[in-house]
Amino acid sequence: MSGRRRRGTLFPASGTVPFDEGKEAGRAMASTANGRPSSAPVYIEEPAISKWLFGSSTAGWIWLVARLWLGWEWLQAGWSKLFGGNITWKFWSWGDPAYSLTGDGNIGWIRSGTVVGEGGKQQTLQVGDAVAGFAKGALASGTKGDHPDIAYAWYVNWLEWLRDTGHTYFGPLVAIGEVVIGIALILGLFTGIMAFLGAVLNFSFVFAGSAGVNPAMILVSGLLILAWRNAGWYGLDRFVLPKLGTPWHRGEVFSLSPGSGTRVPT
């Protein structure tokens, strides 16, 4: 069948099968245009609003707003863990000691040192002890009662390993990762990948029984993952993705034959 495809149709590998053909519709979905049985997949046309929202450059401004909010949340969450002082968009406050890069906010994350603990007592922390403390607190409060906050036994085992061994690796990893995710989202670089990595971190907190802003961040991250094609249109993805391509479509950089400067067909 040739010509313009009608709205509300299913498209198998060969031919066009109308979506609603009465009693024969069920059999038609598993057949080609000539009526013979086929094992080819059937593709259901997506709504126009979905195409626009997740694939059109004109919707890029929506994802720009979402990206900036999510990126800022990650950047400020990881800044003090990595650099010691807090970060703020209020540039007139940058001279305050709380916003300096010589603070002790990164002690227990990427470096060891002494901080003032509860009751004004001095407390010495090693690299990653902040992660160990989080895991210890989650295990103490999230495994009690008939309906504990930590609902999965495998996650209890993970937290126990994190508390006893893995915290020395995950302290610096979390600190650096949060800052990298935040900067990349703000710049619109590898938006879908960074949103996915951020969602993994959010889920790790939720599984441990900590909610806070994590559910909202997971929701926005999920939408950015769906909109990976146009979420970075007002950002670096607009230029980077066509160059690098995707695992299923070679980009411009990898489409050039070595030494010839000519493009290899894909």
Side-chain angles (χ1 to χ4, degrees), residues 63-64 66-89 99 101 103-113 115 125-139 150 152 154-155 157-228 231-232 235-237 240-241 244 247:
W63 306 118
L64 172 63
R67 266 180 32 224
L68 292 178
W69 175 78
L70 188 62
W72 176 253
E73 289 292 323
W74 280 121
L75 182 60
Q76 66 174 352
W79 188 270
S80 63
K81 298 182 181 72
L82 187 60
F83 297 111
N86 296 319
I87 187 174
T88 178
W89 58 269
Y99 303 109
L101 299 182
D104 58 4
N106 54 6
I107 295 178
W109 291 97
I110 66 168
R111 68 185 180 98
S112 58
V115 297
L125 298 176
Q126 303 299 323
V127 173
D129 278 357
V131 174
F134 170 80
K136 181 179 179 180
L139 289 169
I150 306 176
Y152 303 102
W154 62 267
Y155 202 74
N157 295 333
W158 160 258
L159 288 175
E160 289 174 344
W161 175 82
L162 197 63
R163 177 196 61 194
D164 300 333
T165 305
H167 61 276
T168 56
Y169 310 105
F170 277 86
L173 182 62
V174 169
I176 297 172
E178 289 182 349
V179 172
V180 170
I181 291 171
I183 293 175
L185 285 173
I186 291 173
L187 296 178
L189 179 63
F190 303 125
T191 303
I193 297 174
M194 293 300 164
F196 171 78
L197 294 176
V200 171
L201 278 175
N202 288 132
F203 273 116
S204 68
F205 298 132
V206 171
F207 284 155
S210 176
V213 74
N214 289 295
M217 295 177 71
I218 291 173
L219 176 61
V220 176
S221 296
L223 293 173
L224 287 174
I225 293 171
L226 292 175
W228 69 271
L236 296 181
D237 277 348
V240 173
L241 291 185
L244 298 182

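One-based numbering along the sequence shown. For clarity, every value in this text was computed on a predicted model and none was experimentally measured.
- Using a 4.5 Å heavy-atom threshold, the side chains of L139 and R163 count as touching.
- Taking all atoms of both residues into account, the shortest heavy-atom contact from R111 to D104 is NH2-CA, 3.9 Å.
- The line from CG of L125 to CD1 of I107 is 7.0 Å long, rounded to the nearest 0.5 Å.
- Contact annotation: the side chain of W89 approaches that of W72 to within less than 4.5 Å [non-hydrogen atoms, C-beta and beyond].
- Residues R67 and I186 share a closest heavy-atom pair of NH2-O, 3.0 Å.
- Heavy atoms only, all atoms of each residue included: L185 and G71 are closest at CB-CA, 3.8 Å.
- A138 approaches I150 most closely through the heavy-atom pair O-CD1, 3.4 Å.
- With respect to W158, the ring-ring contact (aromatic ring centres under 6.0 Å, His included) criterion is satisfied by exactly one of F203, Y152, F170: F170.
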Evaluate W63 against L223 for side-chain contact (heavy atoms from CB on, under 4.5 Å), listing each step before the verdict. CA-CA 9 Å; W63 306 118; L223 293 173; 3.6 Å; yes

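- Under the 4.5 Å side-chain criterion, counting only non-hydrogen atoms from C-beta, L70 is in contact with S221.
- Contact of the I181 side chain with the L201 side chain is registered, since non-hydrogen atoms from C-beta on lie closer than 4.5 Å.
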Test side-chain contact (heavy atoms from CB on, under 4.5 Å) applied to L101 and W79, step by step: CA-CA 9 Å; L101 299 182; W79 188 270; 3.7 Å; yes

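- Here the closest heavy-atom approach between residue V127 and residue W109 is recorded as CG1-O, 3.4 Å.
- Contact of the V220 side chain with the W69 side chain is registered, since non-hydrogen atoms from C-beta on lie closer than 4.5 Å.
- Proximity of the aromatic rings of Y155 and W161 is defined here by a centroid distance below 6.0 angstrom, and this criterion is not met.
- Contact detail for N106 and L82: the closest heavy-atom pair is ND2-O, 3.4 Å.
- With rounding to the nearest 0.5 angstrom, the CG atom of N214 is 10.0 Å from the CD atom of E73.
- How far NZ of K81 is from CD of E178: 4.0 Å, rounded to the nearest 0.5 Å.
- A distance of 8.5 Å separates CZ in F134 from CG in L162, rounded to the nearest 0.5 Å.
- Between the H167 side chain and the V131 main chain, no donor and acceptor come within less than 3.5 Å of each other.
- To the nearest 0.5 Å, the span separating CG on L244 from CG on D237 amounts to 9.5 Å.
- In this structure, CG on D164 lies 10.5 Å from CG on L159, to the nearest 0.5 angstrom.
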